[in-house]
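Computed from a prediction, not measured in an experiment: that's the story for all the values here. Both counts, for ligands and for their atoms, begin at 1 and track the order of listing.
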Amino acid sequence: SPCPSSQICPASPQNRPPPSSRVRRPLPITETLAEFRLTNDQLLEVKKRMRTEIQNGLGKKTHDNATVKMWPTYVRSTPDGSEKGDFLALDLGGTNFRVLLVKIRSGKRRTVEMHNKIYAIPMEVMQGTGEELFDHIVQCISDFLDYMGMKNTRLPLGFTFSFPCRQTSLDAGILVTWTKGFKATDCEGEDVVGLLREGIKRREEFDLDVVAVVNDTVGTMMTCAYEEATCEVGLIAGTGSNACYMEEMRNIETVEGDVGRMCVNMEWGAFGDNGCLDDIRTEYDRAVDDLSLNPGKQRYEKMCSGMYLGEIVRNILIDLTKRGFLFRGQISETLKTRGIFETKFLSQIESDRLALLQVRSILQQLGLDSTCDDSIIVKEVCGTVSHRAAQLCGAGMAAVVDKIRENRGLDQMDITVGVDGTLYKLHPHFSGIMHQTVKELAPKCNVTFFLSEDGSGKGAALITAVGCRMREQEES
Ligand SMILES: *[C@@H]1O[C@H](CO)[C@@H](O)[C@H](O)[C@H]1NC(C)=O
Ligand SMILES: *[C@@H]1O[C@H](CO)[C@@H](O)[C@H](O)[C@H]1NC(C)=O
Ligand SMILES: *[C@@H]1O[C@H](CO)[C@@H](O)[C@H](O)[C@H]1NC(C)=O
């Protein structure tokens, strides 16, 4: 049947919509989606629970059992504008490895100039010995320094190493476990900065001053803070979900010292792993979790990050199809395929400018033969799932900004959050709903969100620059 560009489907004899009304959906669909609509009280409760978990992660006695780990990052300050010099940044987190030279100029005309080159990490290197991996990394750095003509300077370096790491100081990070296809031997349990320094030594060709191991969330905050001094929070809303912020040293009981502030990497994706969100999780959330690679883990992330939203949608669609409300009751092979609804598709389907005909054509591309009514339902399911994701993310952020405000004993506070991630950048409604939720749940904070890209490159260089500045201050 032809599909008009409005929300109203052509009347068929069995399905004639009442005049001048929107399509009336079968009750089971409304009921299914109702579970995803959180009330204001429920969101306030999520905020309150996040606050409790933050407290547990920071407390000396509660940290070991805490789900939200609140890892100290040893980043003691955001940039103050006086940072200057040439810095090297390394970004290792997948099959590509990036080396950057970042030139930071201070003074009246502050500038950041970046040069970078991307190198492949061959499979046999990813899965060889640790020595081979780090020799390869050092080989790439050597090539880059030749290319830039900078072999004879001992450049300060920041290392974005996107694997689970336990940091014990700004320049030490112990690899907990490899992920993403890496298997190089003799690295797990070792300090990756030590491995890098040994690789540089083996080559006997140049020297570098490794200053910092960098987390991309912290890098995002630092990139933003360089432009906007009130930025003291970083947020990643993409494939995964995480946040960091500047906490008072006196509240971080897992680190010695009470003076000043330190950035804590919340690892908030694990919020709910102790069951504290179970009352709002739906059967679809549980199905997605059960079928995932890490059942029971990262429950909050599985409700609000791009990697899982499509899976929640798919599980709802399968259920509605089984019950005969979609796709003529036929569960296609496509619908059984994990990961078909990428963030990109959800973003397209929910775009306001997209006519239903185009929604159908997207579903067609996915191998889902839909009627006009189907396309309306699919669009509504996508919208409901991403709406809840944005609200949950906003509730977590509201807890963070209100904690910072209370730390400082303020009745009102202006604060900026640096954000990166595909969900935030690509999705047509996610950012707006998240902003609105934070506004409603933390009315005493005036929160500005600032898109802040390349935390793992530019941010890593800024963390290194601030680290050098702090080191000089301590020495003098
Ligand atoms: C940690 O959690 C476990 C399981 O919930 C509990 O049995 C144990 O008493 C807790 N430990 C502390 C120190 O709270
Ligand atoms: C940030 O730190 C967490 C935990 O330490 C780790 O899982 C994640 O991979 C880190 N990200 C980067 C980019 O280093
Ligand atoms: C909120 O913060 C922004 C940015 O700092 C500022 O321009 C604006 O005036 C503030 N609004 C209120 C109501 O304080």
Side-chain angles (χ1 to χ4, degrees), residues 40 43-44 46-48 50-51 54 73 75-83 104 106-112 216-238 241-248 251 260-266 268 387 390-421 423-455 458-459 462-463 465-466 469:
N40 206 51
L43 289 170
L44 276 170
V46 171
K47 175 190 172 193
K48 196 169 125 196
M50 176 67 93
R51 175 62 179 260
I54 288 175
T73 65
V75 170
R76 301 294 208 106
S77 162
T78 51
D80 67 2
S82 71
E83 293 77 17
I104 304 175
S106 63
K108 272 208 187 104
R109 296 172 62 201
R110 284 168 38 181
T111 57
V112 177
D216 60 347
T217 315
V218 184
T220 299
M221 177 188 79
M222 295 294 264
T223 306
C224 172
Y226 187 68
E227 310 293 334
E228 172 53 58
T230 59
C231 178
E232 298 192 70
V233 185
L235 171 67
I236 303 286
S241 183
N242 192 18
C244 69
Y245 71 95
M246 297 303 289
E247 179 55 276
E248 305 299 321
N251 294 339
R261 294 178 184 152
M262 183 184 282
C263 181
V264 285
N265 167 16
M266 297 178 70
W268 82 2
H387 192 97
Q391 287 184 321
L392 286 173
C393 184
M397 187 45 69
V400 171
V401 291
D402 251 351
K403 174 138 196 349
I404 299 175
R405 184 182 59 78
E406 286 171 32
N407 281 344
R408 299 175 190 180
L410 298 171
D411 291 330
Q412 283 287 330
M413 179 184 69
D414 288 353
I415 192 156
T416 302
V417 178
V419 203
D420 200 357
L423 198 53
Y424 188 85
K425 285 192 283 196
L426 296 182
H427 194 281
H429 306 303
F430 184 91
S431 57
I433 296 163
M434 189 198 37
H435 298 167
Q436 186 59 32
T437 307
V438 176
K439 204 170 171 173
E440 282 166 15
L441 299 186
K444 295 178 176 171
C445 296
N446 171 21
V447 186
T448 306
F449 289 85
F450 195 102
L451 186 60
S452 167
E453 290 169 299
D454 201 14
K458 186 175 178 179
L462 286 163
I463 289 173
V466 169
R469 168 165 67 77

So what's ligand 3 close to, N/O to N/O, under 3.5 Å?
residue: ligand 3; atom: 2 (O); partner: Asn446; partner atom: ND2; Å: 2.3
residue: ligand 3; atom: 11 (N); partner: Asn446; partner atom: ND2; Å: 2.8
residue: ligand 3; atom: 14 (O); partner: Asn446; partner atom: ND2; Å: 3.3

Keeping Arg51 on the side-chain end and Ala399 on the backbone end, is there a donor-acceptor pair under 3.5 Å?
no
Looking just at side-chain N and O atoms, do Asn407 and Glu247 make a donor-acceptor pair shorter than 3.5 Å?
yes
Passes side-chain hydrogen bond (donor to acceptor under 3.5 Å, both in side chains), Thr230 versus Thr416? Steps please.
CA-CA 5 Å; Thr230 59; Thr416 302; 2.6 Å; yes
If you compare all heavy atoms of Arg469 against all heavy atoms of Ser82, which two are closest, and at what distance to 0.1 Å?
CD-OG, 3.3 Å
Could you report the tightest heavy-atom contact between Leu462 and Met222, atom names first, then the distance?
CD1-O, 3.7 Å
For Arg110 and Tyr226, indicate whether the former's side chain and the latter's backbone hold a donor-acceptor pair under 3.5 Å.
yes
